[in-house]
**Q** 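Have a look at the structure that comes next, please.
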Amino acid sequence: MSDTEPTGSAATAADPSSPATPPDQTHHWWRLIIIWVVLSAILDPLFYFLAGPHIPPGTMSSTAGGAQFDFNVLFVIALPVMLGVWIYMVYAVVQWRASRGHPDPVVGSSARSHVGIQAGWILTTTVIVLFLAGFGTYQLVQPEGAGGGQGPSPIWTPTSHTVLPIQVIGQQWKFTYRYPTFGGMETNQLVVPQGVTIAFHVTSLDVVHSFWAYQLGVKADANPGQDNVAFTTPLETGQFIVRCVELCGIWHGAMYNSGQVVTPDQFYAWGKATELALARSTRLLPPFRLTYVPDANGADGSYYPDNVDPYSPYENYGAPQSGVLKPTK
Ligand SMILES: [Cu+2]
């Protein structure tokens, strides 16, 4: 900025040719503020009540509804800030463009160090940022852990006594699901009951994957050797999409399937039927554990519970079984 012009006197020197300069200053401020307040008061509720209910990920589960609410609150706060910038920009372009022949805007000392503007600016932005930090932190922890993986010992745990555990096992390149409630069966179908709080125990057999049940508002990293817990309560029946959202190898992009929220009756019927249908393969699985160790032999995608060393004598690495190798533990 150039302030080499003589201060103060330059503005007064221009006055005789354009007499109305000083009162015009406040006029612009009030006009800007009124446009801003009116537009914010119209557009904020319009967004919240018309667009808000359709914002992803929807309201299929408690955590999805929470994510939608959080987004809408943040947007309602952000919209007036965006409007403030846009309105000022458009107003400046229209009102103060050179072709309108107005005198130059104020320069020199009167354009600097306006205590009110500075204090207001710092105060407003500080209040907004601190509120967002507080709101974000609270929402992250309190409403059912917000659907994110909380690690093996979650900060937020459900108050409900009927929590259904479902294990999500990421592996190159699919998700499988183990249901300890149904004999530890493992299936590639994710079926969950409506109205029941679910604890997803997310883990991996190989590299880092990430379990994202989009419409349920659940997203948790799948790390080998880690039990990452995420809670949600499905509220609406229907289909939801599951994707891997951590680049995990060449077929990462094909690592998706869909899940189903059904009524509790349908769920238990499905569970019992599937448990029966899978009984023979379930017997070949390692017992249900929160984490596993992949089979070092394995092109077949099999795995061990994590209390068995994959390099123990139980593994024969393709060598014929003989009496030489004996369990040492
Ligand atoms: Cu993956």
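As the structure lists them, so they are numbered: ligands from 1, and atoms in each ligand from 1. Fair warning: this is a prediction, and the values are worked out from it, not measured in the lab.
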**Q** Quick check: does Met255 have an N/O/S atom under 2.8 Å of the Cu ion (ligand 1)?
**A** yes
**Q** Please state whether the rings of Phe211 and Phe200 are parallel, tilted or perpendicular, taking 30° and 60° as the class boundaries.
**A** tilted
**Q** Which distance, rounded to the nearest 0.5 Å, do you find between the CD of Gln239 and the CG of Leu190?
**A** 11.0 Å
**Q** Taking the six-membered ring for Trp, are His209 and Trp173 closer than 6.0 Å centroid to centroid?
**A** no
**Q** Return yes when at least one N/O/S atom of His252 is nearer than 2.8 Å to the Cu ion (ligand 1), and no when none is.
**A** no
**Q** Of all N, O or S atoms in His209, identify the one at the shortest distance from the Cu ion (ligand 1).
**A** ND1
**Q** Can you classify the ring geometry of Trp156 versus Phe231 as parallel (below 30°), tilted (30 to 60°) or perpendicular (above 60°)?
**A** perpendicular
